[in-house]
Amino acid sequence: MDNHTIRVGVIGCGAMGKEHVERLTNVVPQTKVVAVYDYVQKIAQEVAEKYNATSSDSGEALIESNDVDAVVIASADETHAGYVKECLKQNKYVFCEKPLALTAKECEEMMELEAKQGHRLLQMGFNRRFDKGYIEMKKAIEDGEIGDPLMIHSAHRNISQASGFETDYAITRVAIHEIDISRWLLGDEYEEVQVLKVKQSKRTSGGWLNPQLMMFTTKSGQRIDVEVQTDGAYAYDIRCQVIGEDGTLDLPDPAVVTKRKNQQVSYGLEDHWASRFADSYDEEFIEWSKGILNDQLVGASTWDGYASCVTSDALIQSRKTGQPEKVMMIEQAEIYK
Ligand code: ISE
């Protein structure tokens, strides 16, 4: 790595991985994709050819390569932990899509490795922290504009899912964004979580539970409700309303023209997360590259990945028991404070 260009290797060339390769090449000024890997070799070779990169023989070979300064992990969820640990052992910067791992124990191992290296090396793919709307809400909260925040009402609605979707994914792949953004907005950790039963939608295309209603209580007693519709919703629609002592804050819809016609006012909504949050995905990588060059990452950390993993586990447990479940976390290491 020279002072200006970070040579990046991307593991996983599915839809998300390809989009990241594109933005690391054409949007982020300080990065260049030099290597890619996908378990489907043909896909990796096509991407490598298009972006003038090398197609690596394995994820481990890509991480080890002396030509790669930093790694982006956008492969299948169950492969994240192994690749992250490899990067941390080698003191390489790494960007990991959610979830960070499938078990809290693996996140703990990662935090140990990172602490040994003595500085933050990992940024999680919690892109909403870079969305203009959420940033403005956080600032308003921190500036005391609505007094003490008391609760959050939120909704995460999807039109459809890729095949193979399962009930747990509503937590580990979908609500995980609300798990992260709510604790980020409120600056607090969770005490207890619960999944409440709700009448099921006929518009679900598979056998998984949809919708699900999730409740969170923070350490200071704030309550958060998250309605999760993973299939059959009218649009990709993300709602977030923070209720404070002195006022409320609403997440804005993306800027679009409103139409007045036939005695009605209307405006369009997005159909997919990639377009709804496109700007925030760009921004998270721009900030990641600056963080690497200054050795000071600002996005969500391994600790945040761990917190979302422990919270997901407690929610899954609550769905099974029908009871509220405690969120039990270890002590936070110095490098995340
Ligand atoms: C996807 O992985 C996301 O991150 C989206 O925000 C979520 O809405 C979608 O359901 C997930 O599959």
Side-chain angles (χ1 to χ4, degrees), residues 1-36 47 50-53 62-63 67-75 80 83-84 87-88 91-98 100 114 119-139 142 176-177 180-181 184-185 238 240 251-255 270 272-305 308 335-336:
M1 175 162 61
D2 59 31
N3 283 340
H4 307 287
T5 309
I6 305 158
R7 299 167 303 170
V8 181
V10 177
I11 301 179
C13 298
M16 197 63 169
K18 278 186 191 144
E19 280 191 24
H20 289 344
V21 171
E22 170 63 27
R23 54 174 57 91
L24 288 163
T25 307
N26 290 320
V27 177
V28 185
Q30 279 99 350
T31 54
K32 178 176 164 44
V33 176
V34 295
V36 295
V47 175
K50 181 166 172 196
Y51 291 92
N52 203 14
L62 179 147
I63 295 166
D67 296 331
V68 170
D69 303 314
V71 179
V72 169
I73 300 171
S75 49
H80 292 182
Y83 290 141
V84 166
C87 292
L88 297 177
N91 204 15
K92 283 204 177 172
Y93 286 103
V94 53
F95 177 100
C96 184
E97 276 304 339
K98 43 85 189 165
L100 182 55
E114 203 174 22
H119 63 147
R120 271 194 60 191
L121 285 163
L122 181 137
Q123 181 173 314
M124 280 290 301
F126 284 131
N127 58 298
R128 291 195 193 172
R129 292 185 180 210
F130 297 93
D131 174 79
K132 282 201 178 77
Y134 280 115
I135 291 173
E136 213 178 308
M137 289 172 88
K138 183 160 172 72
K139 183 163 184 317
E142 285 177 353
I176 194 164
H177 284 293
D180 182 66
I181 208 70
W184 180 74
L185 283 171
I238 304 300
C240 178
L251 181 71
D253 286 321
E270 293 290 346
H272 198 262
W273 40 273
S275 46
R276 165 65 180 85
F277 284 112
D279 292 349
S280 69
Y281 286 114
D282 290 348
E283 214 42 54
E284 71 175 345
F285 278 108
I286 291 171
E287 289 303 323
W288 183 58
S289 69
K290 286 187 198 160
I292 292 174
L293 293 173
N294 301 330
D295 191 20
Q296 193 141 41
L297 296 177
V298 294
S301 67
T302 317
W303 172 260
D304 299 310
S308 64
I335 61 165
Y336 307 116

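The analysis underlying the following values was restricted to heavy atoms, covering all of them including side chains, and did not include hydrogens, waters or symmetry mates.
- Closest approach of Leu24 and Thr31 over heavy atoms only: O-OG1, 2.7 Å.
- No side-chain heavy atom of Gln30 sits less than 4.5 Å from a side-chain heavy atom of Ile292.
- Glu287 pairs by the salt bridge (Lys or Arg N to Asp or Glu O under 4.0 Å) definition with Lys290, not counting sequence neighbours.
- Remark: the backbone N or O of Val47 is not paired with any side-chain donor or acceptor of Lys18 at under 3.5 angstrom.
- One finds the NZ atom of Lys92 at 8.5 Å from the CD1 atom of Ile63 (value rounded to the nearest 0.5 Å).
- Within the 4.5 Å cutoff, the side chain of Val72 has heavy atoms near those of the Phe285 side chain.
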What do the steps show when you test Trp303 against Glu114 for side-chain contact (heavy atoms from CB on, under 4.5 Å), and what is the final call?
CA-CA 10 Å; Trp303 172 260; Glu114 203 174 22; over 6 Å; no
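- The two atoms that bring Val68 and Gly9 nearest to each other are CG1-N, 3.7 Å, heavy atoms only.
- Counting heavy atoms from C-beta on, the side chains of Thr302 and Arg120 never come closer than 4.5 Å.
- Closest non-hydrogen pair, Ala35 versus Ala53, comes out as N-CB, 3.9 Å.
- Counting non-hydrogen atoms of neighbouring residues, nucleotides and ligands closer than 6.0 angstrom, the CD atom of Glu22 exceeds 12 such neighbours.
- For Glu270, the side chain to side chain contact (heavy atoms under 4.5 Å, CB included) partners two or more places apart in sequence, or in a different chain, are Pro254, Ser275, Arg276.
- At a threshold of 4.5 Å between non-hydrogen side-chain atoms, the residues Glu284 and Phe277 do not count as touching.
- Residues meeting the side chain to side chain contact (heavy atoms under 4.5 Å, CB included) test with Asp282, sequence neighbours left out: Arg23, Val27.
- Applying the side chain to side chain contact (heavy atoms under 4.5 Å, CB included) criterion to Ser75, with sequence neighbours excluded, gives Ile11, Ile73, Thr79, His80, Tyr83.
- Distance check, rounded to the nearest 0.5 Å: NZ of Lys132 to OG of Ser280 gives 10.0 Å.
- Considering only heavy atoms from C-beta on, Arg128 comes within 4.5 Å of Ile238 through its side chain.
- Residues Trp288 and Phe130 have side chains not in contact (no heavy-atom distance under 4.5 Å, counting atoms from C-beta outward).
- Nearest heavy-atom pair, Ser289 versus Ile6, reported as atom, atom and distance to 0.1 Å: O-CD1, 3.5 Å.
- Ion pairing of Asp180 with Lys98 is absent here, as no side-chain N (NZ or NE/NH1/NH2) approaches a carboxylate O to less than 4.0 Å.
- Between Gly125 and Glu97, the shortest heavy-atom contact is O-OE1, 3.7 Å.
- Counting all heavy atoms, side chain and backbone alike, Leu251 lies closest to Gly133 at CD1-C, 3.8 Å.
- Residues forming a side chain to side chain contact (heavy atoms under 4.5 Å, CB included) with His119 (at least two apart in sequence, or on another chain): Asn91, Tyr93, Gln117, Leu121, Asp295.
- Rounded to the nearest 0.5 Å, atoms CG (Asp69) and NZ (Lys32) are 12.0 Å apart.
- Applying the salt bridge (Lys or Arg N to Asp or Glu O under 4.0 Å) rule to Asp279 yields no partners; only residues at least two apart in sequence or on another chain are considered.
- Taking CH2 from Trp184 and CD1 from Ile135, the interatomic distance works out to 5.5 Å, rounded to the nearest 0.5 Å.
- Note that the NZ atom of Lys138 and the CG atom of Leu185 stand 6.5 Å from one another [nearest 0.5 Å].
- No side-chain heavy atom of Leu122 sits less than 4.5 Å from a side-chain heavy atom of Leu297.
- The closest side-chain heavy-atom distance from Ile181 to Phe126 is not below 4.5 Å.
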